[in-house]
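All chains are named by letter (A, B, ...) in the order of the sequence lines, taking the proteins before the strands, and each is independently numbered beginning at 1.
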2 protein chains.
Amino acid sequence: MPRRSDAKNKMIKTALLLFREKGYHGVGLAEILEQSGAPKGSFYHHFPGGKQELALAVLDAANRFMLRLIDNAFENAGTVEAAVDAVIDDIVELAASEKFSLGCPVTSFSVELTREDGEIRKRADTVLRGWVQRMVEQLEPFSPDQDELKRYTEVFRAVLTTIEGGWIVSQIQKSAEPLLIAKQVFRSMDKLQ
Amino acid sequence: MPRRSDAKNKMIKTALLLFREKGYHGVGLAEILEQSGAPKGSFYHHFPGGKQELALAVLDAANRFMLRLIDNAFENAGTVEAAVDAVIDDIVELAASEKFSLGCPVTSFSVELTREDGEIRKRADTVLRGWVQRMVEQLEPFSPDQDELKRYTEVFRAVLTTIEGGWIVSQIQKSAEPLLIAKQVFRSMDKLQ
DNA sequence: TTTATTCTAGGGTGATCACCATAGAATAAC
DNA sequence: GTTATTCTATGGTGATCACCCTAGAATAAA
């Protein structure tokens, strides 16, 4: 059963950009369909669960993108510091190319749905934890001992948190500086102890 | 010209809570009016500029709240570390009491309006800078030299950024831990250098 | 070519969206 | 008490919201 249409992917890609800019509730299905060029009548064929199912698909696409970004950064770096710097630099480059108008591909719209204890929040939680875990996994070939890995887990958690905050503040201030703070955070936590 | 009605304040308080939970676009005026108990017909009397003017008023109220939180924390603390800890603890207590469903009073909804270069984004920018500035001002009576103040400005910026990220991740993970990371960030940046 | 499946065209649902206009009620200043 | 101002009741605007339905087109499997 091969795919005969790329309408679904076009909708997901477009929704990702729009959600990151205006949030989940800030984007209507009409805008997504129009901007993606996808046929209007096919939305509920591809997403029987409606807008929420689309958001879940968007979350998965965003997750794949960020995991690729992490893998790429760690594989092309010789040290942990260089890898973390690369992750942050890549994000800064992305954010700057988007004129600091688009937020984190995951938190920017999932955060609006944190009361209702629904699928979107849970998956966003899993995704965020996965990023930390992936960074730790990328560190294992460098074979630090288990205690060191545990310590880096904490450090990566802090870096990720700072990146999330930096991404938002970058949107507000239209500047790369807040995102770059995550580098300082890593350095100070890495050198210390 | 004394105020004969508290409808305006009730609308602002209610809108602050709803915006923090579901974002700017996630809340309708009808819900705000209903939940605040404010008379329906008086909205555009108090806010001729409509929903955007309400959002600006909400921003100012949120700013006053956070400035009070900062002042209170610094005035009741003997050291910088204790003051920063108090700020974070207060925020954690607030977020926990709200079951981690409500975001930062400023960024949670301003972030949806960062493309259109409007008043809301600009004021949110000013407000965030004001928090850092206020923390530095609260440090001056302890009379560190000018270089030290400049260094603490950087540290406070990092702490604030981590708090912002921690607040969001706390919403996603329904846990206080991400917010508490800001303490580690301060400690490591403070001790180092 | 026939059959089965996947996808789309087109139209329409009630509900909610932000916003507005007007008249009158409530309270203040005089 | 009269005037001026502040506030609210009411009902409405067109637009957009997410969602749904059916018939048929397009493509794959037989």
Side-chain angles (χ1 to χ4, degrees), chain A residues 1-59 109-110 112-113 115-116 118-121, chain B residues 1-59 109-116 118-121:
Chain A
M1 46 182 132
R3 169 164 297 120
R4 297 183 289 160
S5 160
D6 58 336
K8 189 171 183 176
N9 283 328
K10 287 195 295 183
M11 287 189 269
I12 293 174
K13 282 186 82 169
T14 304
L16 174 56
L17 293 176
L18 290 173
F19 283 165
R20 288 177 59 205
E21 179 192 340
K22 299 190 281 190
Y24 179 81
H25 295 105
V27 186
L29 298 183
E31 189 179 1
I32 296 173
L33 289 234
E34 182 192 8
Q35 195 155 321
S36 69
K40 175 194 172 192
S42 69
F43 180 79
Y44 285 93
H45 171 74
H46 296 292
F47 303 102
K51 195 182 182 183
Q52 291 212 0
E53 185 176 342
L54 169 63
L56 284 175
V58 167
L59 252 174
F109 61 94
S110 320
E112 296 173 32
L113 309 162
R115 179 156 214 182
E116 34 188 309
E119 283 297 318
I120 294 176
R121 187 200 66 81
Chain B
M1 49 183 125
R3 167 164 298 120
R4 296 184 289 158
S5 159
D6 58 336
K8 189 170 181 176
N9 283 327
K10 287 196 294 184
M11 288 188 269
I12 293 174
K13 281 187 82 169
T14 304
L16 174 56
L17 292 176
L18 290 173
F19 283 165
R20 289 177 58 204
E21 178 192 341
K22 300 190 281 190
Y24 178 81
H25 294 105
V27 186
L29 297 183
E31 190 179 2
I32 297 173
L33 289 233
E34 182 191 7
Q35 195 155 323
S36 69
K40 177 192 171 193
S42 68
F43 180 79
Y44 286 93
H45 171 75
H46 296 291
F47 303 103
K51 195 182 182 183
Q52 292 213 359
E53 185 178 342
L54 169 63
L56 283 175
V58 167
L59 251 175
F109 61 94
S110 320
V111 83
E112 297 174 29
L113 308 161
T114 53
R115 180 156 213 180
E116 33 185 314
E119 283 296 318
I120 293 176
R121 187 200 66 81

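Rounded to the nearest 0.5 Å, atoms NE2 (A/H46) and NZ (A/K8) are 7.5 Å apart. Here the straight-line distance linking atom NZ of B/K22 with atom CZ of B/F109 works out to 15.0 Å at 0.5 Å rounding.
Note on B/R121 versus B/E112: no salt bridge recorded, every NZ/NE/NH1/NH2 to OD/OE distance being 4.0 Å or above.
Contact between the side-chain N/O atoms of B/S42 and the OP1/OP2 oxygens of D/dC7 is not found at any separation under 4.0 Å. Distances shorter than 4.0 Å separate none of the side-chain N or O atoms of B/H45 from OP1 or OP2 on D/dT8.
If you measure from atom CG of A/L33 to atom C1' of C/dC7, you get 14 Å, rounded to the nearest angstrom. As a whole-Å value, the separation of A/K8 NZ from C/dT8 C1' is 16 Å. Atom pair B/F47:CZ and D/dT8:P shows a separation of 11 Å (rounding to whole Å applied).
Considering only the side chain of B/P39, D/dA9 comes nearest among D/dA9, C/dA9, C/dC7.
Other residues, nucleotides and ligands contribute at most 12 non-hydrogen atoms within 6.0 Å of the CD atom of A/E34.
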Atom pairs and distances, side-chain donor-acceptor, residues 14-21 of chain B, under 3.5 Å, sequence neighbours left out:
unit_1: B/T14; atom_1: OG1; unit_2: B/K10; atom_2: O; d: 2.9
unit_1: B/R20; atom_1: NE; unit_2: B/G103; atom_2: O; d: 2.6
unit_1: B/R20; atom_1: NH1; unit_2: B/E98; atom_2: OE2; d: 3.1
unit_1: B/R20; atom_1: NH2; unit_2: B/E98; atom_2: OE1; d: 2.7
unit_1: B/R20; atom_1: NH2; unit_2: B/G103; atom_2: O; d: 3.1
unit_1: B/E21; atom_1: OE1; unit_2: A/R115; atom_2: NH1; d: 3.0
unit_1: B/E21; atom_1: OE2; unit_2: A/R115; atom_2: NH1; d: 3.4

Please list, one pair per line, the donor and acceptor atoms closer than 3.5 Å that link side chains of residues 51-58 of chain A to other protein atoms, with sequence neighbours excluded.
unit_1: A/K51; atom_1: NZ; unit_2: A/Y24; atom_2: O; d: 2.8
unit_1: A/K51; atom_1: NZ; unit_2: A/V27; atom_2: O; d: 2.8
unit_1: A/E53; atom_1: OE1; unit_2: A/G49; atom_2: N; d: 2.5

* Asked: In B/S/- notation, 5' to 3', how is nucleotides 10-21 of chain C contacted by protein heavy atoms closer than 4.0 Å?
  -> BBB----SSBB-
